[in-house]
Amino acid sequence: MREQMVLHLGIQKIGAISVILNPGFKKEEMSYFLNDTDARIVAVGKNEEALIRSIDEKRRVISIDTGTPFDEKKLFPSSPVDLVQGARSPDDPAILIYTSGTTGQPKGAILTRGI
C-alpha cells in the first residue's frame, strides 16, 4: 500500500497519469485495461508480474517486491529530485479510474489535479 502511494505521487510529480487497478482482476479484465489505457509502464507486485507479462511481453514492467518492509530507497534509488515537468494546472489529469462496467465494458474516468 505504501509503495502504491509513493508510485502515485512520483507519477504526479512528472506530470503523468496514474491508473490504479485491482491486482485481483482476471487476465481478460487486466488485458482490457492495459489495452484501453495503452499504459507505457506498468508497476506491479512480484505476484502480478507474470500475469502482466503474459498479456503483453513487450510492455515495460516495473516489478516491486511488496513482501519486504517498506524502504523509500528501494523504489527509486537513483531518481533525480528535479524531474518535475513544467507548471501544473488544477485541470490537468491526475488519475484514471474505471467504472464498474455494469452496462458493458468499464469506462475510464479522468480525475483532475484540482489543486
Side-chain angles (χ1 to χ4, degrees):
M1 183 59 116
R2 290 181 188 166
E3 290 89 354
Q4 183 179 6
M5 181 57 69
V6 170
L7 283 168
H8 175 69
L9 292 174
I11 290 166
Q12 296 304 293
K13 185 173 181 175
I14 64 169
I17 302 171
S18 293
V19 181
I20 299 173
L21 299 174
N22 182 339
F25 284 137
K26 296 177 178 136
K27 184 175 182 175
E28 298 77 28
E29 295 167 317
M30 196 61 77
S31 179
Y32 169 78
F33 293 126
L34 290 175
N35 290 324
D36 192 55
T37 62
D38 195 25
R40 294 184 186 162
I41 300 173
V42 179
V44 297
K46 293 282 184 194
N47 295 338
E48 294 78 31
E49 181 179 5
L51 171 66
I52 300 303
R53 292 192 188 279
S54 75
I55 293 170
D56 184 350
E57 61 188 38
K58 294 180 183 172
R59 194 175 306 261
R60 188 167 180 191
V61 175
I62 298 172
S63 181
I64 300 168
D65 183 2
T66 57
T68 58
F70 178 77
D71 175 358
E72 63 187 74
K73 293 180 182 177
K74 94 176 167 184
L75 290 177
F76 306 109
S78 61
S79 173
V81 220
D82 58 350
L83 194 56
V84 179
Q85 295 181 357
R88 301 285 184 272
S89 159
D91 295 329
D92 286 345
I95 190 166
L96 171 63
I97 60 172
Y98 277 87
T99 64
S100 61
T102 55
T103 60
Q105 292 285 16
K107 309 290 186 291
I110 293 282
L111 303 179
T112 59
R113 295 179 181 277
I115 308 172

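All figures in this text were calculated on a predicted structure; none of them were measured in a lab.
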Between Thr99 and Gln105, does a side-chain contact (heavy atoms from CB on, under 4.5 Å) hold up when you go through it step by step? CA-CA 9 Å; Thr99 64; Gln105 292 285 16; over 6 Å; no

Do His8 and Gln12 pass the side-chain contact (heavy atoms from CB on, under 4.5 Å) test, and can you show the C-alpha distance, the side-chain angles, and the key distance before you say yes or no? CA-CA 6 Å; His8 175 69; Gln12 296 304 293; 3.5 Å; yes

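In this structure, Val6 is not a member of the same hydrophobic cluster as Ile95, with clusters built from ILVMFWY side-chain heavy atoms closer than 4.5 Å. When hydrophobic clusters are built by joining Ile, Leu, Val, Met, Phe, Trp and Tyr residues whose side-chain heavy atoms come closer than 4.5 Å, directly or via intermediates, Leu21 is grouped together with Val61. Residues Ile41 and Leu7 share a single hydrophobic cluster, defined by chaining ILVMFWY side chains whose heavy atoms lie under 4.5 Å apart. Hydrophobic clustering of Ile, Leu, Val, Met, Phe, Trp and Tyr side chains at less than 4.5 Å, counting indirect connections, keeps Ile64 apart from Val19. Both Leu96 and Ile55 are assigned to one and the same hydrophobic cluster, defined by single-linkage of ILVMFWY side chains at heavy-atom distances under 4.5 Å.
Counting only distance, with no hydrogens or angles, the side chain of Ser89 and the backbone of Asp91 share a donor-acceptor pair below 3.5 Å. Side chain of Glu49 to backbone of Val44: no donor-acceptor contact under 3.5 angstrom is found. Remark: side-chain polar atoms of Arg59 are paired, donor with acceptor, to backbone N or O of Ala39 under 3.5 angstrom. Although no hydrogens or angles enter the test, the distance criterion places a donor-acceptor pair under 3.5 Å between the side chain of Tyr32 and the main chain of Pro106. With hydrogens and angles ignored, the 3.5 Å screen pairs a side-chain donor or acceptor of Asn35 with a backbone N or O of Ser31.
Relative orientation of the Phe25 and Phe33 rings is tilted, given thresholds of 30° and 60° on the angle between their planes.
Here the closest non-hydrogen pair linking Arg113 and Ala16 is NH2-O, 4.1 Å. In plain terms, the two heavy atoms of Pro93 and Ile110 that are nearest each other are CB-CG2, 3.7 Å.
With values rounded to the nearest 0.5 angstrom, Asp56 atom CG is found 9.0 Å from Asp38 atom CG. Rounding to the nearest 0.5 angstrom, the gap separating the NZ atom in Lys27 from the CD1 atom in Ile52 is 10.0 Å. Rounding to the nearest 0.5 Å gives a distance of 7.5 Å between CD1 of Ile20 and CD1 of Ile11.
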